[in-house]
Amino acid sequence: MPEVTRFAPSPTGWLHLGHALAAGRAAQAAEVAAGGRFLLRMEDIDGPRCRPEYERGIEEDLAWLGLVWEQPVVRQSERMALYAEALEKLRQQGLLYPCFCTRREIEEEVARASGAPQGPDGPLYPGLCRRLSAAERVERIASGEAHAWRLDAASAQRQLPPNLSWRDEGQGEFVADATVFGDVVLARKDIPTSYHLAVVVDDADQGVTLVTRGLDLLPSSHLHRVLQHLLELPTPRYAHHRLVVDEAGQRLAKRDHARALRTLRQEGWTPAQVWREIGL
Ligand code: GLU
């Protein structure tokens, strides 16, 4: 079957060497010459942080690298209705609950409970709103109080068939774990979706067969496999690749302008030098 891969950057900054590796891996794995497809998806749900000039910059940098992707480019900001449908499906399964907590309230609760469990992105949500009564939930929503929607991770875990698995091309089979991120937010207070929900819906909708992305996102694949199961979506294969690090061994971030592709280009680097630098 022809491979369908994607590069899915957030237009919240300039691309750096780490993005070149992620894009290059995805483009390479697509084997376009053999009939595969390489897609570009703008993960631009984070309204105020996303800028049109970054989006243009991403396309310029990728074109400079010599990559060719299919048109049209998909923008997550234009697909909120699809995410709302998926969210509703999970809500109907009784797997979501509204969370009214502010960041501050969560931090205070975490500080109170010493030894709060840690997830890949920091302390797990301590479950304050999981304990609200159904009546209180209805009343607070009706009064217009801002709320996110969280996955009830323990309930989701109980619904999984034993040994629900997913496959990483390098590391083999994993048994999916719904609890890695705890009661993770699937729809934010300000945006009716989240990275995790949107990525799962889109990868399925776009027919992606192989998800290539950095190893930092490996824990996310557990949650994505769980969401695919609950939403009855197909599961792609995964290939998590090593991360590009700076001289201090730290993973590159968007604020590392020194490693931004456009800076390197202005300094006279060629695309071939970029590929060599990241070992592609
Ligand atoms: N938008 C994500 C990022 O820029 C990538 C998501 C993915 O590849 O699944 O880190």
Side-chain angles (χ1 to χ4, degrees), residues 3-30 37-51 54-55 57-59 61-62 67 69 73-80 82-83 86 120-121 166-170 174 176 180-181 184-186 188 191 193-228 231 233-245 250-256 259-261 278:
E3 206 76 271
V4 183
T5 68
R6 84 307 194 268
F7 175 53
S10 300
T12 54
W14 307 118
L15 297 187
H16 53 57
L17 287 173
H19 295 109
L21 179 61
R25 277 290 175 92
Q28 205 172 45
R37 301 168 56 203
F38 171 53
L39 313 178
L40 175 61
R41 181 170 76 223
M42 296 293 172
E43 304 218 317
D44 60 348
I45 57 173
D46 208 345
R49 292 179 57 225
C50 296
R51 298 213 218 125
Y54 289 139
E55 210 174 292
I58 287 171
E59 298 207 24
D61 290 345
L62 295 178
L67 300 180
W69 56 94
V73 173
V74 160
R75 277 186 193 76
Q76 291 191 324
S77 57
E78 295 167 358
R79 296 160 67 82
M80 292 296 170
L82 276 180
Y83 312 139
D121 298 337
W166 58 276
R167 181 169 184 79
D168 176 82
E169 298 291 276
F174 285 86
V180 231
F181 289 91
V184 67
V185 168
L186 292 185
R188 290 162 40 169
I191 308 166
T193 185
S194 68
Y195 159 64
H196 296 296
L197 184 67
V199 94
V200 163
V201 168
D202 286 341
D203 283 338
D205 188 62
Q206 296 186 279
V208 171
T209 55
L210 176 67
V211 169
T212 60
R213 58 186 176 200
L215 266 173
D216 54 331
L217 290 169
L218 191 128
S220 299
S221 298
H222 277 282
L223 177 61
H224 298 179
R225 178 68 189 96
V226 170
L227 294 175
Q228 286 150 8
L231 294 167
L233 298 174
T235 303
R237 286 148 34 247
Y238 290 86
H240 295 92
H241 56 74
R242 70 189 161 76
L243 300 174
V244 179
V245 293
Q250 293 295 312
R251 174 160 78 89
L252 296 186
K254 291 227 169 89
R255 56 184 176 278
D256 292 320
R259 312 306 271 169
L261 296 177
I278 56 179

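In each ligand, atom 1 is the first atom listed, and ligand 1 is the first ligand listed. Reckoned from all heavy atoms, side chains included, excluding hydrogens, waters and symmetry mates.
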Q. Between Phe174 and Trp166, does the ring centre distance come in under 6.0 Å?
A.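 Centroid separation for Phe174 and Trp166: below 6.0 Å.
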(Q) For a quick test of reading the model, state the closest non-hydrogen atom pair linking Ala30 to Arg37 and the distance between them. (A)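 Nearest heavy atoms, Ala30 then Arg37: CB-O, 3.5 Å.
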Q | Nearest non-hydrogen partners of Gln228 and Pro234, listed with the distance | A |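 Nearest pair, atom of Gln228 first, then Pro234: CG-O, 3.8 Å.
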Q) Less than 4.5 Å apart, any side-chain heavy atom of Tyr195 and any of Ser10? A)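 No, side chains not in contact.
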**Q.** Non-hydrogen side-chain atoms of Thr235 and Arg167 separated by less than 4.5 Å
**A.**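 No, their side chains stay 4.5 Å or more apart.
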Q. What atoms of ligand 1 come within less than 4.0 Å of a heavy atom belonging to Ser10?
A.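 Selected atoms, number and element: 1 (N), 4 (O).
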Q.
Show me which atoms of ligand 1 lie under 4.0 Å from any heavy atom of Val199.
A.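 Those qualifying, in numeric order: 9 (O).
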Q. Strictly by modelled atom types, are Arg213 and Ser221 linked by a side-chain donor-acceptor pair under 3.5 Å?
A.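 Yes.
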Q) Which heavy atom of the protein is the closest neighbour of atom 10 (O) of ligand 1, given with residue, atom name and distance? A)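 Scanning the protein heavy atoms, the shortest distance from atom 10 (O) of ligand 1 goes to Leu217 CD1, 4.4 Å.
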Q. In the protein, which heavy atom is nearest to atom 5 (C) of ligand 1, and how far is it?
A.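 Its nearest protein heavy-atom neighbour is Ala8 O, 3.3 Å.
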Q: Work out whether the distance between some heavy atom of His19 and some atom of ligand 1 is less than 4.0 Å.
A: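 Distance cut 4.0 Å: His19 fails for ligand 1.
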Q: Please say whether Tyr195 places an N or O atom under 3.5 Å from an N or O atom belonging to ligand 1.
A: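 Yes: some nitrogen or oxygen of Tyr195 is under 3.5 Å from one in ligand 1.
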Q: From atom 8 (O) of ligand 1, work out which of Arg6, Glu43, Met42 has a heavy atom at the shortest distance.
A: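 Nearest heavy atom to atom 8 (O) of ligand 1 lies in Arg6.
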